[in-house]
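Scroll down for the structure; my scribbles are underneath it.
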Amino acid sequence: MAVVETRGVRKVFVGDTPAVDGVDIATEEGEYLVLLGPSGSGKTTLLRMIAGLERPSEGEVLIGGRVVNDLPPRARRIAMVFQSYALYPHKTVAQNISFPLAAGGMPKERRPERIRWASSLLGIDHLLERKPRQLSGGERQRVALARALVRDPQVFLLDEPLSNLDAKLRTSAREDLKEFQRRVGVTTIYVTHDQVEAMGLGDRIAVLDKGRLQQLGTPREIYHEPANTFVATFLGSPPMNLLEHDGALVGFRPEHFLPEGLVSEREGRVPFEYQVDRVEYLGSDRMLYGTIPAIAAGVKVIARLPFTVTTPVAEGSPARFAVAESSLRFFGKDSGDRIAPQPLRGVSA
């Protein structure tokens, strides 16, 4: 295991716009850290600089307390699994797993034991004689992980390894990845644009946008205590509601916006007159779309009601809704950064 650290890392490819702009991140030993952000946020570029596939324009990359800017990928004792598993189609599973051992000069007689260990750990020991074309997407992903594991890395780097799988398989593969990382205990950095993957896998999440680190924290911290409006709206499905009020932005999650009677007065209930425009029934949830005319008549506000909430709500009608004060988050109107709580005056009709 090793700590991975970036200090003021910056990468400029063309022109003056950096792909990564002064990112400072430090993992903990054995941690599962997820780099989360939209396309173009710099997360893959940052991962490639850690791997040694890109050289930073500025700053330092450290692995195990050692600056590795000048070291090639092989000397960094890292293993990387890409979005494309890059398996050799003409080789068997065993030969694919063995390839880095042969490239590293391990004697032939020692390789079978190492292959058996890695394949058994990932539950693919019965597939060793098959070719990649004979495997499912999830099995190919496990072969790619086994090939990385046999190198005995001190850091795993995973670049959207589940993006080629269908939705059902991604769920089971996500569980497998988490369990695998717990068993081997190797520091892992995982890149994704999928917030569900990030929340489900990460011990901590680093949210990036436009090359800059927006927030680093546990899934709970990132979701419930967003540092700015980008994090507030990028995490969550649907995202956090944001309304302008008295020169600031007030935000609340759709699942915290409930019929008034369900929010206790002891929680500091903040009532709203909610004009419901549309109701969607999604089985486990009801999604309500409408506005709060007293604050911003033209801004869509979403409520997410679990099936256990049976309060009748009619389309095209007003309804009394509320949010607990503890569920409100406030942001600067211009900066978008989190600010101290503000009094809400005149929010209900």
Side-chain angles (χ1 to χ4, degrees), residues 6-9 18 20-28 31 33-38 40-43 46 192-200 202-258 263 267-272 274 291-292 294-296 298-304 321-348:
T6 65
R7 297 178 180 173
V9 166
V20 175
D21 192 7
V23 171
D24 294 295
I25 290 176
T27 71
E28 299 173 1
E31 180 179 32
L33 177 68
V34 176
L35 305 182
L36 173 68
S41 62
K43 55 190 184 296
L46 180 60
T192 184
H193 65 279
D194 187 320
Q195 58 172 295
V196 175
E197 282 184 15
M199 297 286 284
D203 296 320
R204 289 190 300 163
I205 301 171
V207 183
L208 291 101
D209 183 45
K210 298 177 181 177
R212 294 187 176 183
L213 179 64
Q214 303 296 314
Q215 188 172 355
L216 175 62
T218 65
R220 182 176 181 82
E221 290 167 346
I222 295 290
Y223 187 80
H224 290 289
E225 305 296 339
N228 54 44
T229 54
F230 174 80
V231 177
T233 54
F234 190 71
L235 272 290
S237 181
M240 179 177 282
N241 294 301
L242 289 176
L243 301 172
E244 185 178 344
H245 182 70
D246 283 352
L249 295 174
V250 58
F252 49 89
R253 295 286 180 193
E255 62 269 26
H256 296 153
F257 190 45
L258 299 168
V263 181
E267 296 181 84
R269 182 170 64 196
V270 180
F272 297 89
Y274 184 41
T291 59
I292 300 177
I295 298 182
V299 178
K300 183 186 294 183
V301 176
I302 302 174
R304 182 174 188 170
F321 269 59
V323 181
E325 283 186 354
S326 60
S327 297
L328 296 174
R329 301 293 180 264
F330 295 85
F331 306 89
K333 178 183 174 183
D334 297 323
S335 68
D337 293 335
R338 185 81 174 269
I339 60 174
Q342 308 289 310
L344 290 179
R345 296 182 294 271
V347 296
S348 61

Residues Leu235, Met199; criterion side chain to side chain contact (heavy atoms under 4.5 Å, CB included); working and verdict: CA-CA 9 Å; Leu235 272 290; Met199 297 286 284; 3.8 Å; yes
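- A distance of 13.0 Å separates OG1 in Thr229 from NZ in Lys333, rounded to the nearest 0.5 Å.
- No donor-acceptor pair closer than 3.5 Å links the side chain of Glu221 to the backbone N or O of Gln215.
- No side-chain heavy atom of Phe321 sits less than 4.5 Å from a side-chain heavy atom of Val263.
- Side-chain atoms of Asn241 and Ile292, non-hydrogen and from C-beta on, never get closer than 4.5 Å to each other.
- You'll find the side chain of Val231 reaches within 4.5 Å of the side chain of Ile222, heavy atoms only.
- In this structure the side chain of Lys43 reaches within 4.5 angstrom of the side chain of His193, judged on heavy atoms.
- Remark: Leu35 CG to Leu46 CG distance equals 5.5 Å, nearest 0.5 Å.
- For the atom pair OG (Ser41) and CG (Leu36), the distance works out to 7.5 Å, reported to the nearest 0.5 Å.
- Rounded to the nearest 0.5 angstrom, Leu208 CG and Phe234 CZ are separated by 10.0 Å.
- Among residues two or more places apart in sequence or in another chain, the ring pair (Phe, Tyr, Trp, His ring centres under 6.0 Å) test is passed with Tyr223 by none.
- Annotation: side chain to side chain contact (heavy atoms under 4.5 Å, CB included) contacts of Lys210 (sequence neighbours excluded): none.
- In this structure, Asp203 CG and Thr218 OG1 are separated by 10.0 Å, a value rounded to the nearest 0.5 Å.
- Using a 4.5 Å cut-off on side-chain heavy atoms (C-beta onward), Pro226 and Phe331 make contact.
- Scored by the salt bridge (Lys or Arg N to Asp or Glu O under 4.0 Å) test, Asp24 finds no partners at all (sequence neighbours excluded).
- Looking at Leu216 and Leu33, their side chains come closer than 4.5 Å, going by heavy atoms from C-beta outward.
- Residues Glu28 and Arg204 have side chains in contact (heavy-atom distance under 4.5 Å, counting atoms from C-beta outward).
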For Gln214 and Asn228: C-alpha separation, side-chain torsions, deciding distance, then whether side chain to side chain contact (heavy atoms under 4.5 Å, CB included) applies. CA-CA 8 Å; Gln214 303 296 314; Asn228 54 44; 3.0 Å; yes
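- The shortest non-hydrogen separation linking Ile339 to Ala248 is CD1-CB, 4.0 Å.
- Checked against Arg329 for a side chain to side chain contact (heavy atoms under 4.5 Å, CB included), the options His256, Arg253, Arg338 give a single hit: Arg338.
- Taking every heavy atom of both residues into account, Pro271 and Ala322 meet most closely at CA-CB, 4.0 Å.
- In this structure, the side chain of Thr6 engages the main chain of Ile25 through a donor-acceptor pair within 3.5 Å.
- Counting non-hydrogen atoms of other residues, nucleotides and ligands closer than 6.0 Å to CZ of Arg212 gives a total of 12 or fewer.
- Here the closest heavy-atom approach between residue Met240 and residue Pro254 is recorded as CA-CD, 4.3 Å.
- Nearest approach of Gly202 to Pro219, heavy atoms of both residues: O-CG, 3.3 Å.
- Between Phe252 and Phe257, the ring planes are tilted. Angles from 30° to 60° get that label.
- Side-chain contact between Phe272 and Val301: absent, with no pair of heavy atoms (C-beta onward) separated by less than 4.5 Å.
- With rounding to the nearest 0.5 angstrom, the CG atom of Asp337 is 13.0 Å from the CZ atom of Phe230.
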